[in-house]
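For reference, the structure discussed in these notes is given below.
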Amino acid sequence: MAYWLFKSEASTWSWEQQVAKGDVGEEWDGVRNYQARNFMREMKLGDRGFFYLSQKDRKIVGIVEVCAESHPDSTTDDDRWDCVDIKAVRPFSNPVTLDQIKAEERLAEMVLVKNSRLSVQTVTESEWRIVCEMGQTKPD
DNA sequence: GCCAACGTTGGC
DNA sequence: GCCAACGTTGGC
């Protein structure tokens, strides 16, 4: 199983909206970046991801799960763009802020730190466990 | 609100 | 195929 990070702006798509979709989940559409798209094409059912809010919030607020593998993005006719569906698994007891992540030296190599603009990112297993611990949330 | 970093576009 | 110009993102 692989781990990922999905980035959103609360004003565009919030954690509450994601939770409201329940186990049906929702398309992670609108991505128009090849690297991010390629990561989504690699995703498998059951893969887990962090739900990160950029801009004003700048924190990881919960865990999501891939509930449909890569398929055409329904928001465009351009067949270059695919996306997955994700559903909310659980919120973090303690959201983990970007400041906390930057202050943790074991997370210095996280994509969020190295390339903050990428909207879909990979997360290593050790990074996953550290962030879950910081969020006081079970990792599985 | 600013601006650096990055990705994309299009002229050559 | 290069690279300047442009648009967008996101941290600050």
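In what follows, chains carry the letters A, B, and so on, assigned in the order in which the sequence lines appear, proteins first and then strands, with residues in each chain numbered from 1. Quick note: numbers below take in every heavy atom, side chains included, and nothing from hydrogens, waters or symmetry partners. Bear in mind the structure is a predicted one, so any value in this text is a computation, not a measurement.
- Nucleic acid contact for A/K102: sugar-phosphate only, since backbone atoms but no base atoms lie under 4.0 Å from a heavy atom of the residue.
- At the heavy-atom level, A/L118 lies nowhere under 4.0 Å from the strands shown.
- To the nearest 0.5 angstrom, A/F50 atom CZ is 6.0 Å from A/I63 atom CD1.
- For A/W4 and A/F51, the gap between ring centers reaches or exceeds 6.0 Å.
- A 4.0 Å heavy-atom criterion places the boundary nucleotides of DNA chain C facing chain A at C/dT8 to C/dC12, written 5' to 3'.
- For A/E127, the salt bridge (charged side-chain N to carboxylate O under 4.0 Å, His left out) test picks out no residue, with sequence neighbours left out.
- Side-chain atoms of A/D99 and A/T97 include no donor-acceptor pair closer than 3.5 Å.
- Residues A/R58 and A/S116 bring no donor and acceptor atom of their side chains to less than 3.5 Å of each other.
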